[in-house]
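A short worksheet on the structure shown next.
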Amino acid sequence: RKESSAASDVYKRQSIIVKRNNKSYVVQQGELLENKYKLISVGVDSAIFEYMGEQFQLTTKLKNEK
């Protein structure tokens with residue numbers, strides 16, 4: 001029997017830590033930041049948020065911890 005990994009891929013969501021106004025927020029893909037900005041995607045260089053149909057791109061500073 002071959003098992004599908006598609007079901008497990010549904011639960012893999014990206015997350016990001018956003019520092020804003022001296023506070024830190026952990027936001028997962030699909031969730032809202034400050035009940036306004038929906039996190040659409042996280043890439044190596046940027047994160048995309050959406051608010052009222054408009055998209056905003058934030059530069060990320062990803063850390064490669066070993």
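- The hydrophobic clustering, which links ILVMFWY residues whose side-chain heavy atoms are closer than 4.5 Å, places Leu58 and Met52 together.
- Residues Ser41 and Ile48 have side chains in contact (heavy-atom distance under 4.5 Å, counting atoms from C-beta outward).
- In this structure, Thr59 and Asp45 have side chains that are not in contact, with every pair of non-hydrogen atoms separated by 4.5 Å or more.
- Taking the six-membered ring for Trp, Tyr51 and Tyr37 have ring centres closer than 6.0 Å.
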Working note: Glu31 + Leu39, criterion side-chain contact (heavy atoms from CB on, under 4.5 Å); need CA distance, chi angles, decisive distance, verdict.
CA-CA 6 Å; Glu31 291 184 343; Leu39 179 58; 5.9 Å; no

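- Heavy atoms of other residues, nucleotides or ligands lying less than 6.0 angstrom from CG of Leu32 number more than 12.
- Heavy-atom minimum distance, Val42 versus Ser15: CG2-O, 4.2 Å.
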Under the criterion side-chain contact (heavy atoms from CB on, under 4.5 Å), I'd like the reasoning laid out for Phe49 against Lys38: C-alpha separation, chi angles, the key distance, then a yes or no.
CA-CA 5 Å; Phe49 285 87; Lys38 183 177 182 179; over 6 Å; no

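- Within the 4.5 Å cutoff, the side chain of Glu34 has heavy atoms near those of the Tyr25 side chain.
- Under a hydrophobic-cluster definition in which Ile, Leu, Val, Met, Phe, Trp and Tyr are linked whenever side-chain heavy atoms come within less than 4.5 Å, directly or via other members, Leu33 and Phe56 are assigned to the same cluster.
- The line from CD of Gln29 to CD of Gln14 is 4.5 Å long, rounded to the nearest 0.5 Å.
- Closest of all the heavy-atom pairs between Thr60 and Ala47 is CG2-N, 3.7 Å.
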